Amino acid sequence: VVPSPVEQFIFFNGNTGRFGRPVEDNTQMEDLPLPLSFIVLDDGAFRIGGENRASGKRKIKSNLAHRNYNKGLTVTYSDNGALIAQGDWQQIRESVAAIGGKYTAVLYALVKLDGQSKIAAIHLRGRALSEWFKFTKGKNVTGPFYFTVTKTAKTEGTDVDSYVPIFEMHDL
C-alpha cells in the first residue's frame with residue numbers, strides 16, 4: 001500500500017458558506033479564512049458521502065474512485081459496513097441518492113495553508129460542486145494557473161437555501 005501524499009483534507013459547508021478542515025482527531029472542524037488559493041493537480045477523483053436521515057442519520061461512505069482509472073464504487077454504512085450499492089455512479093446513482101448519498105468530487109490541489117504549501121484533498125458536493133462544474137466547463141483545470149475563492153454567495157433552493165463558493169481563475 002502506497003501512503004497518501006495528502007497533508008490536509010478540506011471540506012466546503014454549504015450551510016455556513018465556509019471551508020473547513022478536520023482537527024482534534026477528526027472530530028471537529030476548523031474554519032479556514034478566505035481567500036482560499038489552490039492549484040489543481042488532479043480533478044478526476046470522487047466518492048460518495050452523506051447520511052441516511054430516515055435511519056437515524058447513519059453515515060454513508062464509499063471508496064475513492066477516479067473517472068480515468070477506477071470508476072467502481074462500493075457504498076456502505078460507516079457504522080457496520082453494510083453494503084448499500086456497488087457499481088459505477090451511473091448504475092447506482094438513483095438508489096444511493098434516494099437514501100441520502102451524495103456524489104462528492106475530490107480535487108487534489110496544492111494549497112497555501114499556515115504559511116506553507118500543502119497537498120490537499122478539497123471535497124465539493126451539492127451546489128458547491130455544481131458551481132465548480134459550471135465555472136470549469138470546457139477548461140483544462142490543471143494548466144498553468146491557480147484558483148481562488150474570495151467570497152461565497154447565498155443560493156435559493158426548492159428545499160433549503162445554501163451557500164456556494166465563488167471561484168476565480170488567475171494565471172500563474
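Note that this is a predicted model, so its numbers are computed, not measured.
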Please give me the minimum heavy-atom distance between [X] and [Y], naming the atom from each residue.
| X | Y | answer |
| --- | --- | --- |
| Ala65 | Gly72 | CB-O, 4.0 Å |
| Pro165 | Thr152 | CA-CG2, 4.1 Å |
| Arg127 | Ser162 | NH1-OG, 2.7 Å |
| Phe46 | Arg67 | CE2-N, 3.6 Å |
| Gly49 | Thr104 | N-OG1, 4.1 Å |
| Phe145 | Asn140 | CZ-O, 2.6 Å |

Validation row: [X], [Y] side chains within 4.5 angstrom (heavy atoms):
| X | Y | result |
| --- | --- | --- |
| Leu34 | Phe19 | yes |
| Ile60 | Tyr77 | yes |
| Tyr108 | Val106 | yes |

### Query
Do the charged groups of Asp43 and Lys139 touch, with an N to O distance under 4.0 Å?
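So Asp43 does not pair with Lys139 through a salt bridge.
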
### Query
CD of Gln90: more than 12 outside heavy atoms within 6.0 angstrom?
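Yes, the 6.0 Å shell around CD holds more than 12 heavy atoms from other groups.
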
#### Entry: Exam field: side chain Asn63 to backbone Thr74, donor-acceptor pair closer than 3.5 Å
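Pair found, side chain donor or acceptor close to backbone of Thr74.
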
### Message
For the aromatic rings, using the six-membered ring if either is Trp, is the centroid distance between Trp132 and Phe12 under 6.0 Å?
### Response
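No.
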
